[in-house]
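Proteins get letters first, then strands, A, B, ... in listed order; numbering begins at 1 in each. Note that these values count all heavy atoms, side chains included, but never hydrogens, waters or copies made by symmetry. Computed from a prediction, not measured in an experiment: that's the story for all the values here.
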12 protein chains.
Amino acid sequence: MRVLVVHGPNLNMLGQREPDTYGAQTLEQIDEMITEAAEKLGIEVNIIQSNHEGELIEAIQQALAWADAIVINPAGYTHTSVAIRDALAAVGLPAIEVHLTNVHAREQFRRRSLTAPVCRGQISGFGGVGYVLALHAARKIVEEESS
Amino acid sequence: MRVLVVHGPNLNMLGQREPDTYGAQTLEQIDEMITEAAEKLGIEVNIIQSNHEGELIEAIQQALAWADAIVINPAGYTHTSVAIRDALAAVGLPAIEVHLTNVHAREQFRRRSLTAPVCRGQISGFGGVGYVLALHAARKIVEEESS
Amino acid sequence: MRVLVVHGPNLNMLGQREPDTYGAQTLEQIDEMITEAAEKLGIEVNIIQSNHEGELIEAIQQALAWADAIVINPAGYTHTSVAIRDALAAVGLPAIEVHLTNVHAREQFRRRSLTAPVCRGQISGFGGVGYVLALHAARKIVEEESS
Amino acid sequence: MRVLVVHGPNLNMLGQREPDTYGAQTLEQIDEMITEAAEKLGIEVNIIQSNHEGELIEAIQQALAWADAIVINPAGYTHTSVAIRDALAAVGLPAIEVHLTNVHAREQFRRRSLTAPVCRGQISGFGGVGYVLALHAARKIVEEESS
Amino acid sequence: MRVLVVHGPNLNMLGQREPDTYGAQTLEQIDEMITEAAEKLGIEVNIIQSNHEGELIEAIQQALAWADAIVINPAGYTHTSVAIRDALAAVGLPAIEVHLTNVHAREQFRRRSLTAPVCRGQISGFGGVGYVLALHAARKIVEEESS
Amino acid sequence: MRVLVVHGPNLNMLGQREPDTYGAQTLEQIDEMITEAAEKLGIEVNIIQSNHEGELIEAIQQALAWADAIVINPAGYTHTSVAIRDALAAVGLPAIEVHLTNVHAREQFRRRSLTAPVCRGQISGFGGVGYVLALHAARKIVEEESS
Amino acid sequence: MRVLVVHGPNLNMLGQREPDTYGAQTLEQIDEMITEAAEKLGIEVNIIQSNHEGELIEAIQQALAWADAIVINPAGYTHTSVAIRDALAAVGLPAIEVHLTNVHAREQFRRRSLTAPVCRGQISGFGGVGYVLALHAARKIVEEESS
Amino acid sequence: MRVLVVHGPNLNMLGQREPDTYGAQTLEQIDEMITEAAEKLGIEVNIIQSNHEGELIEAIQQALAWADAIVINPAGYTHTSVAIRDALAAVGLPAIEVHLTNVHAREQFRRRSLTAPVCRGQISGFGGVGYVLALHAARKIVEEESS
Amino acid sequence: MRVLVVHGPNLNMLGQREPDTYGAQTLEQIDEMITEAAEKLGIEVNIIQSNHEGELIEAIQQALAWADAIVINPAGYTHTSVAIRDALAAVGLPAIEVHLTNVHAREQFRRRSLTAPVCRGQISGFGGVGYVLALHAARKIVEEESS
Amino acid sequence: MRVLVVHGPNLNMLGQREPDTYGAQTLEQIDEMITEAAEKLGIEVNIIQSNHEGELIEAIQQALAWADAIVINPAGYTHTSVAIRDALAAVGLPAIEVHLTNVHAREQFRRRSLTAPVCRGQISGFGGVGYVLALHAARKIVEEESS
Amino acid sequence: MRVLVVHGPNLNMLGQREPDTYGAQTLEQIDEMITEAAEKLGIEVNIIQSNHEGELIEAIQQALAWADAIVINPAGYTHTSVAIRDALAAVGLPAIEVHLTNVHAREQFRRRSLTAPVCRGQISGFGGVGYVLALHAARKIVEEESS
Amino acid sequence: MRVLVVHGPNLNMLGQREPDTYGAQTLEQIDEMITEAAEKLGIEVNIIQSNHEGELIEAIQQALAWADAIVINPAGYTHTSVAIRDALAAVGLPAIEVHLTNVHAREQFRRRSLTAPVCRGQISGFGGVGYVLALHAARKIVEEESS
């Protein structure tokens with residue numbers, strides 16, 4: 001089983017970026033956590049980060065040829081990108097949206113996700129752990145659908 | 001570590017209730033899954049279900065004396081109950097909101113959660129598995145905060 | 001054929017309650033009217049009234065085992081209860097929403113019914129007679145669908 | 001007792017028109033049903049259909065000289081016609097709004113009725129039977145008010 | 001100088017129609033008042049009334065060949081007719097909107113006039129007198145623009 | 001018969017002020033026009049202008065002791081002053097709102113009048129002539145109500 | 001003179017509940033304060049607290065047989081309960097709404113009270129003292145109306 | 001292949017009507033263009049124009065017996081007519097909405113089309129040429145669907 | 001302890017002003033009531049009334065040098081004045097907003113208070129008595145904060 | 001005559017992408033169709049596709065030096081990109097917006113086009129054929145404006 | 001070159017007024033800074049402060065006879081005063097709006113400026129320095145327009 | 001002191017781009033003006049322009065290692081980019097938003113800035129001069145905060 005993990009804009013700043021909001025973990029540390037958990041779950045992961053909407057779209061498009069599922073944190077693009085939503089719908093793979101923070105407890109505009117309606121589910125508020133939970137969920141979904 | 005698991009209205013109908021939307025699992029089966037996972041995680045769980053807003057409020061209030069965290073699926077009350085929100089804020093325990101379905105992909109009114117802003121995070125769209133993920137998250141949060 | 005008739009909150013106050021708005025008939029008188037009409041139509045009715053959202057939900061859930069249709073006046077909960085809506089959707093029986101007054105001619109917030117979209121139809125503005133019309137409609141629906 | 005029955009635009013297409021939404025009954029069949037029921041209730045009915053807002057307005061105006069009540073399905077004009085609303089208010093006869101479908105379960109714009117607030121009540125979702133129920137309601141109202 | 005006076009839907013019911021709102025004057029009486037005032041002002045008037053949006057549009061279109069100005073009470077169509085607005089803009093004659101009642105003091109939906117923005121001005125709240133005031137205003141406008 | 005004429009803020013700038021929008025007439029010229037028309041109508045007028053909301057309120061309050069009606073152009077305060085609205089309601093004299101320009105054809109915020117609902121009517125779009133029309137209307141109203 | 005004092009959901013948590021927002025006083029202490037003040041004012045009080053919307057409705061209904069006025073803090077139900085509003089309107093006793101905190105300075109959704117429009121007045125922001133002020137107001141209202 | 005071409009209100013005024021907005025072409029010239037293009041495409045066309053909503057509805061209804069497709073410019077009714085929308089849905093023929101001007105670049109209310117959602121597509125902004133493009137599109141659709 | 005009592009616009013009209021809404025008491029009578037109550041409470045009061053927003057702002061500003069608290073009824077300015085809100089925030093004294101009527105039961109625009117969020121609390125609906133209750137509340141607040 | 005054809009994000013996925021919504025044609029096939037049609041029309045075309053908002057902006061900017069018109073399907077960016085709108089306005093070339101699907105019949109957020117108001121017109125709902133129609137329209141516009 | 005500098009309500013409280021929001025500088029200190037900068041720029045300044053909307057309007061009106069430009073901080077009136085907006089438009093001098101704080105980062109209602117659309121530009125968030133920047137900008141504008 | 005100056009999309013088109021709106025200055029000329037002013041102020045500047053949201057984000061991120069402040073004109077991304085907002089918040093440097101035009105006087109959607117709330121202030125409407133003013137403001141802020 002193969003999962004593409006997609007980090008959106010500014011996640012490369014983790015650790016440095018508003019630590020009161022986003023925590024002290026760096027993206028590197030989160031990626032290690034993801035890799036480790038993936039290994040335990042027998043999942044091969046490919047992790048990318050980009051600040052470019054177009055690159056995120058293309059990473060999603062290319063997943064079609066390789067991945068069984070997508071775990072994605074579209075970060076700031078969550079609330080503004082119809083194009084990423086369309087990419088997720090276009091590939092049709094089961095996708096899971098992750099947010100480090102509890103988006104429901106922040107600014108009003110962070111409550112609207114354009115991408116969540118084309119995902120299978122959303123996990124928000126648990127920092128880096130959210131990605132690990134998403135891998136569990138992804139495995140469950142893929143197993144059920146291939147059985 | 002002790003966690004109160006709260007099922008809101010109509011969840012006692014699972015299996016019978018709109019299976020295309022909510023899946024074929026009964027609440028009993030979900031509760032078994034929760035209990036089993038809790039055991040593995042070394043968590044003592046107490047599970048309640050009620051269709052009464054007032055009973056849900058009181059279960060939350062009583063958690064103050066016993067639980068370290070709350071996992072709650074407020075179901076239909078998610079979108080309408082300031083009183084349950086206030087109860088969660090009143091006890092101040094870390095709480096995690098769970099939804100069986102992807103609420104972001106359904107009717108417009110299901111997108112607004114009155115309770116999520118006073119929870120630590122939200123997990124939606126993974127059926128009964130969502131509760132298990134929530135237990136993992138709860139353990140993480142309690143461990144971090146007690147360390 | 002069996003029909004559950006559900007009266008929502010404050011309907012036990014009829015006769016005493018704002019008679020200019022709701023008329024002088026008591027709930028008892030309406031229930032007699034219902035019973036009489038049901039008899040003529042060859043319908044067995046079970047009538048309940050509750051001021052508790054949770055009890056209304058449970059009455060609806062229990063109808064699954066007994067009734068062929070539901071006639072419901074959710075009163076004040078019409079405009080605020082996702083949980084009753086979900087209960088009606090969960091049991092999946094044909095349901096008919098009744099209002100004593102013409103809700104379309106009153107306060108703006110009474111114009112939105114959360115429950116009507118999961119009912120077969122709505123009858124409003126005819127006082128107690130509305131329930132009798134609803135019984136007629138219910139019989140028609142059940143007959144058609146069982147034929 | 002005399003009742004004007006008014007069918008709005010496109011109701012002449014019934015049977016042919018989106019049968020999944022509006023049913024297989026033709027307007028002729030509904031009119032027969034109405035006539036038959038009226039006879040049983042001792043009501044003289046006059047039935048008109050028009051696709052022209054102006055003709056509907058004038059039919060309502062002329063009812064003043066003849067009818068004791070109006071049963072009206074303004075169809076598409078329900079949601080857009082202040083002029084028909086004003087006509088109903090101008091004649092001041094008890095009026096009952098009928099819809100074949102459950103307008104509360106369709107597009108958002110069908111939920112607003114400009115005409116319902118000047119009617120005595122509304123019956124929606126029961127196909128042609130709705131007109132028969134409306135005749136019953138009309139008789140009740142006229143009887144009560146003339147007593 | 002020639003002025004077309006246009007009465008919209010239901011104005012033919014004046015006197016009979018909600019006299020508490022619209023006054024006891026009949027349309028005939030108002031038309032006499034208009035004719036008399038027009039004579040004094042040296043204005044030739046043509047008065048029409050119609051309940052049909054299409055007829056109102058065509059009356060406005062035909063004014064192009066005859067009138068110097070239009071005085072129009074679009075009644076219920078004021079709030080709903082883009083087509084009448086477009087007709088007024090198409091002929092380009094100075095137009096004055098009249099309302100018998102103070103539309104600003106009634107239902108919310110009567111506050112929006114689709115036609116007023118393409119008229120020169122609006123007079124509301126003075127019953128039949130409003131038409132006479134409009135004739136004065138029309139004469140003033142035509143005089144100024146032809147000088 | 002006595003009428004208070006009230007000019008709101010910036011009307012003292014007429015002639016100089018955006019002549020494309022407000023015309024070339026000065027307030028002085030308008031006041032002469034008003035005085036002359038009042039004389040013909042047998043109306044004693046008192047004309048005031050102020051840029052101060054408080055002074056406008058007090059002029060309205062003092063009208064109670066002297067005037068039979070008020071003609072008021074609240075200018076910019078039309079859209080923002082609950083206090084002037086309350087003053088007009090407090091004195092209870094028949095009031096007529098006048099606007100030089102067609103407020104319905106300008107910025108969206110000029111379409112809402114807080115004061116019009118407590119006036120008898122509104123005249124807009126006819127420049128200084130609007131005041132003269134308002135005097136006619138005022139005389140009509142006072143005559144009718146004192147007869 | 002007799003007054004029913006009604007405490008809504010979560011008020012039983014006072015002292016423990018978000019003390020920065022709600023203060024350190026327990027409900028017991030507030031109730032003592034109320035009892036003492038009532039005694040001084042010659043008012044017999046009956047105090048109830050419930051987390052159940054249905055119980056609150058029924059307490060209000062039963063007040064009809066006993067009380068001269070109602071002092072109610074509907075807490076979280078203030079913003080969501082049409083049913084409690086209807087109960088207050090049904091009994092028709094003078095009612096006074098109390099809030100411990102200044103609801104106007106908190107979340108947007110706390111600014112809308114469904115119950116206040118059917119009460120005589122509202123007192124918010126003064127902690128437990130608000131109930132005492134409400135008793136004073138209630139006595140004044142009852143005295144005036146019975147004189 | 002047969003296509004009904006429907007021109008809505010005020011299109012008979014083309015050439016005379018706001019030429020800066022709608023161009024200098026008359027409806028006659030446009031109709032010639034349509035006829036010529038249709039001939040080339042081997043399409044038999046029937047062209048009607050009406051200012052009456054009811055006539056437009058009936059033209060659409062009658063197309064059912066004759067046409068393979070409808071090309072319609074509902075003009076002012078685009079934004080206000082649920083009844084024309086319902087007529088288009090009732091006949092179920094492929095329909096194409098045409099606008100002479102770019103409705104997306106004009107007043108806000110022209111941006112909402114009630115009819116477009118029941119058409120196959122929309123062409124706006126190209127003057128009379130839009131009808132010719134619509135004929136091309138119509139032929140394509142009919143060919144594809146009959147193949 | 002010293003309290004500034006501020007009466008906003010049109011309160012000088014009390015007794016004369018819409019007595020059905022505002023009661024028969026004059027401002028003088030209310031001021032006597034306030035003075036008397038203040039004396040009993042050992043509070044020195046300074047009472048001002050103004051119809052001028054600017055004077056109200058300056059009275060509030062000057063309170064900084066003299067008063068321990070402010071009791072203010074901003075009347076019509078409640079709903080429109082950011083400047084009075086800013087003045088209250090600028091002086092930072094505990095302020096209590098009073099309304100004679102139950103603003104929650106009147107026009108929609110009276111439900112929004114711009115000033116309440118910077119006050120400690122609000123009392124509305126009890127006529128002149130509201131000021132006396134506010135003095136009690138003010139004393140309580142000042143005592144608590146100075147202890 | 002030279003036309004730049006711009007395909008926005010995810011259009012490179014055509015054929016694979018939600019074929020029920022977008023059809024089975026690949027972008028390659030559409031481009032062939034465009035090239036062929038262009039040839040017949042004597043138009044030189046340059047076709048680009050990009051998933052990057054910035055690249056689309058730059059393609060538009062560079063068109064200034066080469067093209068006579070732009071045909072653009074901004075896809076997901078239609079609804080979210082002020083920057084592409086600004087690029088279109090900056091170059092000032094006649095532009096035509098194309099959508100494969102009928103955007104008016106899909107999600108609410110697809111109904112708002114930020115780019116359409118700075119284009120000459122919009123063609124939506126005809127799949128790949130829309131581009132061909134757009135070329136026809138472009139030629140017409142360029143011819144007219146250069147004549 | 002001459003510039004009128006206008007300070008709106010509560011700016012006389014600077015230094016004392018919410019120093020965390022508005023800074024510790026007094027208005028006197030800001031005025032010195034302005035005077036000094038003006039001198040360096042060869043600008044003659046006239047500085048006024050008022051809490052009265054009417055006085056601000058009149059200061060703006062009088063600027064017509066003296067000033068080449070206006071620098072204005074309308075403070076609380078920014079968000080509520082159509083009358084000040086109209087005054088600025090009436091005099092037609094280039095005007096620059098200044099705010100001490102970043103109004104875009106505060107309450108929602110501070111984001112709407114009624115006056116900014118009739119100014120040349122807006123400077124916000126730089127405390128007293130904003131006025132100095134505004135003088136620079138004013139000089140630039142006046143120079144350019146007089147050249 | 002070092003300042004990063006960031007120009008957003010389409011600013012490379014200045015001079016060519018809608019000169020009536022944006023002026024005749026090219027970006028090169030503005031950059032010279034900036035460089036010159038920076039030199040006088042003893043500020044080292046680094047100026048970048050990009051049409052790519054992702055590049056703008058990365059320029060902002062890299063500023064963390066070099067700059068003391070950011071001056072940014074996000075152009076079209078101002079109104080749509082949560083990701084740029086997040087980048088500005090992530091680096092936490094004092095930032096100043098600049099707009100060439102007065103955004104408050106243009107289309108409604110240009111009035112909302114997603115980035116301004118995380119900047120220190122905003123300068124709009126002064127063409128290229130705005131950047132120079134921003135440099136002054138930046139120096140002031142950096143000086144104050146480092147003192």
Side-chain angles (χ1 to χ4, degrees), chain C residues 23-25 30 33 37 40-41 69 71-74 78-79 85 88-89 94-145, chain D residues 23-25 30 33 37 40-41 69 71-74 78-79 85 88-89 94-145:
Chain C
Q25 258 185 330
I30 287 178
M33 213 164 81
K40 280 193 203 145
L41 288 161
V71 168
I72 182 165
N73 179 347
T78 306
H79 319 295
R85 174 199 182 110
L88 288 165
I96 297 171
E97 186 169 312
V98 173
H99 295 287
L100 298 170
T101 63
N102 180 0
V103 285
H104 311 286
R106 299 179 64 196
E107 299 98 327
Q108 187 59 36
F109 66 78
R110 288 196 208 272
R111 294 204 169 192
R112 186 177 80 139
S113 170
L114 276 163
T115 42
V118 297
C119 292
R120 294 299 176 90
Q122 192 197 51
I123 294 169
S124 67
F126 309 116
V129 171
Y131 291 97
V132 176
L133 301 180
L135 287 180
H136 277 90
R139 199 179 55 173
K140 203 84 185 177
I141 290 166
V142 173
E143 275 169 8
E144 267 171 31
E145 290 179 12
Chain D
Q25 257 186 330
I30 287 176
M33 211 164 84
K40 279 193 204 143
L41 288 161
V71 168
I72 181 164
N73 178 346
T78 306
H79 320 294
R85 173 199 182 111
L88 288 166
I96 296 171
E97 188 169 310
V98 173
H99 295 288
L100 298 170
T101 61
N102 179 0
V103 285
H104 311 289
R106 299 180 64 196
E107 299 98 329
Q108 186 61 34
F109 66 77
R110 288 196 209 271
R111 294 204 168 193
R112 185 178 79 140
S113 170
L114 276 163
T115 42
V118 298
C119 293
R120 295 300 175 88
Q122 193 197 49
I123 293 170
S124 67
F126 309 116
V129 171
Y131 292 96
V132 177
L133 301 180
L135 288 181
H136 276 90
R139 198 179 57 174
K140 202 84 183 180
I141 290 166
V142 173
E143 273 169 8
E144 265 171 32
E145 291 180 11

Engineer: Could you give the distance from CZ (R111(C)) to CZ (R111(D)), rounded to the nearest 0.5 Å?
Structural biologist: 13.5 Å
Engineer: Sort S113(C) into side chain, backbone, both or neither according to what part of it lies under 4.5 angstrom from a heavy atom of chain D.
Structural biologist: backbone
Engineer: Heavy atoms only, distances under 4.5 angstrom: which of I141(D), L133(D), V129(D) has the most pairs with chain C? Name it, please.
Structural biologist: L133(D)
Engineer: Taking every heavy-atom pair that is under 4.5 Å apart, which of G127(D), A105(D), G130(D) has the most such pairs with chain C?
Structural biologist: A105(D)
Engineer: Is it true that, when you exclude R106(D) itself, more than 12 heavy atoms of the residues, nucleotides or ligands shown sit nearer than 6.0 Å to its CZ?
Structural biologist: yes
Engineer: Sort out for me which of A134(D), A137(D), P117(D) touches chain C most, counting heavy-atom pairs under 4.5 Å.
Structural biologist: P117(D)
Engineer: N102(D) side chain to Q122(C) main-chain N or O, any donor-acceptor pair under 3.5 Å?
Structural biologist: no
